[in-house]
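Chain naming here is simple, since letters A, B, ... match the order of the sequence lines and numbering starts at 1 in each. Values in this document were obtained by computation on a predicted structure and should not be read as measured data.
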Protein chains: 2
Amino acid sequence: MSDARSAIRLSPMEVPKASDVLANELRERILSGEYPEGTPLPPERELVVQTRMSRTTVREALRILEVQGLIRIKAGRAGGAFVQKPGEESVASSLDLLIRGRQLRLASVHETREAIEPSCARLAALHRTSGDLRRLEVTNEEIAASADLDDFLRANVDWHIAVATAGHNEILTGIMMALSRAIYTATNTEGFINAEVRDITVRAHRSVTRAIKERDADAAVRRMMRHVHSYAAAALEVDDRTTVAVPEED
Amino acid sequence: MSDARSAIRLSPMEVPKASDVLANELRERILSGEYPEGTPLPPERELVVQTRMSRTTVREALRILEVQGLIRIKAGRAGGAFVQKPGEESVASSLDLLIRGRQLRLASVHETREAIEPSCARLAALHRTSGDLRRLEVTNEEIAASADLDDFLRANVDWHIAVATAGHNEILTGIMMALSRAIYTATNTEGFINAEVRDITVRAHRSVTRAIKERDADAAVRRMMRHVHSYAAAALEVDDRTTVAVPEED
DNA sequence: ATGCTAGATTGGGTCTGACCTTTAGACCAC
DNA sequence: GTGGTCTAAAGGTCAGACCCAATCTAGCAT
C-alpha cells in the first residue's frame, strides 16, 4: 500500500531440489570435458558418503543424467555409471516426443525436412569420404531390392540418413534421424507405395548420389530439393485423402 | 543334451526395469492424447497401490517423464504430476547438450543455421500474422538501441527466434532456439561487435522483415541467406583468430 | 594343463516405513 | 483487511534391508 513498501521488489526465487543440485554439478563436470568418455563415476554408495546425501537422492540425480544421455548405467559387478557424450539419438528422441506429443501436422515435418535435406546433400557433396559414398550406393540398392512396404521404408530412411552422415555434421544428422523416424511411422499405414513410386525414388536417389560423388554441391542441392519436395507433395496428398482437412488460422 | 531338449530354442530376452515399464506405459498414454494438457496424474502413493510397485519405483518413473518434459511436478498440497506436452525447450536443451558435450565445431552450428534460417524466413513470409510482424519490428528496434554487447546479442537472438516463430513451425522453432543459444554463448566472449556490425545487422534485418511483410517468400529466403552467411563468415573469421585451426580429415 | 562349475564379491534395483518440507485452504485474532 | 496459526495433502529426503545381475576366482575334475 504505502510507497515505501512497494519500493522493494523481488523476483520469484527458485529453491532447487537436492537431486537437481547433484545432477547439475555432475552435468557441468561432464560437459566441461573433465571426464573423458567411458570414465566410471563412483558407485552410488560411494557418492552417498561423498555428498552426504541419501542414496535415493543420488539415484535420482543419476537417473536424470541417464535420461539426458550423459551417462550410461550398467548393472552387476564392474557395473555403475559411465560417462557418455550425448549422441544424435537423444536429439532424435526429444524431437520425436515433440512431434508425437504435439500431434504436429505432418506438414511441419515435411517443411522441416525440405529445409534440411538439401543442405545435407550440399555438405555431403563437399565432405563425403569414399566410405560414405559406398554406403549411399549400397542402401539405394536395398531400396531397389525391397520386397514389401516396410522394407522399402526402412531402406529409404537408411539412405536419407546416409546422406546426412556423409555431410559430417552431427546436428543435422541428429535432426534427420528424428524426422525420418517420424515420417516412417506416419507413412507406414498409408498404402501409397507401389512399384512406380519405388522406381522414381531409386532414380532420384541415384541422381543425387551421382552429384555427391562428383562433388557437385549445387546439383546435389537442386536434385535433393526436387526429390524431397515431390515426395512431400505425394505424401501430403495421400494424407489429405485420409484425414479431415483442418482449416488454417490467420 | 538330448535331442528333445535342444528342440526348444529361445532368443536372448530383455528384462526391462520396473520403473521403465511404468514410465513407458505412462508415456504412451500421454502421447496418445488420452490425457489433455494439465491433467493431474494420481498422487504417488495412489500410483503405488494401483501398480503395486514401491514408491521408489513410481518416483523414478515420474522423474524420467519429468526430464523428458512430459509432466511437470509441483510440490505441496494440490501438487503432483501434471501432464504437459513437450515444448520447444526440450528439443533446445537436448541439442544444447549435444553441442556442448561433443564440443562441436562452431562451424557445424553455423552450417545448420544456414540450412534452417532461410526456410524459416520463407515460412514466415507465407504464414506471418500481423502480431508476428510487429514483434519482428520491435525486437529489431531493440537491437538498434542496444547499449552493450550483451544487450545486442540477446536482442539479436530474440529477432531470429521471432522469425522462426512467425513461420509457425514448432520443429524449426525449437531447433532455432537451441542454435541461437549456442551461438549466443559462443560469440559472447569475442569482441567482434562494434557499431558498424550493428548497423549492418539492423539493416539486414530490416530488409528481411520487409520481405516478410510483403509476403515475398523468395526475397525473404535470399536476404536471410545472405545475412546469415555473412554473419557466419565473420564469426568464423574471428574464431580462427582466437583458436587453433584443426585440420579436417578426409 | 585345461576347462568348467560353484561360490564370493561388487554393484545396481527394489522395497519398506519413517520423517521433513512445501503449499493450499480455513479459521481466528487484531 | 492483515497477519498468525493450524491442518491436510502431496512431494522430497532419509536409513536400512534385501534382491538380482554380472563378474571374478578358486578349486575341482578330466
> Using whole Å, what does the distance between atom P of nucleotide D:dG12 and atom CG of A:Leu22 come to?
16 Å

> Does D:dT13 have OP1 or OP2 sitting under 4.0 Å from an N or O in the side chain of A:Ser19?
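The answer is yes; a side-chain N or O of A:Ser19 sits under 4.0 Å from OP1 or OP2.
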
> Please classify the nucleic acid contact of A:Thr57 as base, sugar-phosphate, or nothing, using heavy-atom distances under 4.0 Å.
sugar-phosphate

> Without decimals, in angstroms, what is the distance between A:Glu44 CD and D:dA15 P?
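One finds 15 Å between P of D:dA15 and CD of A:Glu44, rounded.
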
> To the nearest Å, how far apart are B:Asp20 CG and C:dT14 P?
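Whole-Å distance recorded here is 8 Å.
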
> From D:dC24, D:dG11, D:dA17, pick the nucleotide closest to the side chain of A:Arg55?
D:dA17

> Quick one: which of C:dT14, C:dC19, D:dA15 gets closest to the side chain of B:Arg45?
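Out of C:dT14, C:dC19, D:dA15, the nucleotide with an atom closest to B:Arg45's side chain is C:dC19.
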
> Got more than 12 heavy atoms from elsewhere within 6.0 Å of CZ, B:Arg72?
yes

> Toward the 5' end of DNA chain C, which comes first, B:Gly76 or B:Met53, by nearest nucleotide?
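Closest to the 5' end, via its nearest nucleotide, is B:Met53.
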
> Using atom CD of B:Glu60 as one end and atom P of C:dG13 as the other, report the distance to the nearest whole Å.
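Those two atoms, CD and P, are 7 Å apart.
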
> Would B:His127 and B:Asn169 count as a side chain to side chain donor-acceptor pair (under 3.5 Å) if you check the C-alpha gap in whole Å, the side-chain angles of each, and the deciding distance to 0.1 Å?
CA-CA 10 Å; B:His127 303 317; B:Asn169 179 318; over 6 Å; no

> What's the CE-C1' distance between A:Met13 and C:dT22, to the nearest Å?
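Atom CE in A:Met13 sits about 16 Å away from atom C1' in C:dT22.
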
> How close or far is atom P of C:dT14 from atom NZ of B:Lys17, stated in whole angstroms?
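Rounded to whole Å, this separation is 7 Å.
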
> Identify the residue among B:Leu136, B:Thr139, B:Val163 that makes a side chain to side chain contact (heavy atoms under 4.5 Å, CB included) with B:Asp158.
B:Thr139

> Rounded to the Å, how far apart are A:Ile64 CD1 and D:dG12 P?
10 Å

> What's the closest nucleotide to the B:Arg59 side chain, out of C:dT14, D:dG12, D:dC24?
D:dG12

> More than 12 heavy atoms of other residues, nucleotides or ligands under 6.0 Å from CD of A:Glu14: yes or no?
no

> Are A:Asp132 and A:Thr129 close enough, and set up right, to give a side chain to side chain donor-acceptor pair (under 3.5 Å), and what steps lead you there?
CA-CA 5 Å; A:Asp132 295 329; A:Thr129 66; 3.1 Å; yes

> A:Lys74 or B:Lys74: which one's nearest nucleotide on DNA chain C is closer to the 5' end?
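Here A:Lys74 is the residue nearer the 5' end.
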
> Could you state the CG-P distance from B:Leu47 to D:dG11, rounded to the nearest angstrom?
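One finds 8 Å between P of D:dG11 and CG of B:Leu47, rounded.
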
> Which is more 5' along DNA chain D, the nucleotide nearest A:Ser54 or the one nearest B:Val15? Just name the residue.
A:Ser54

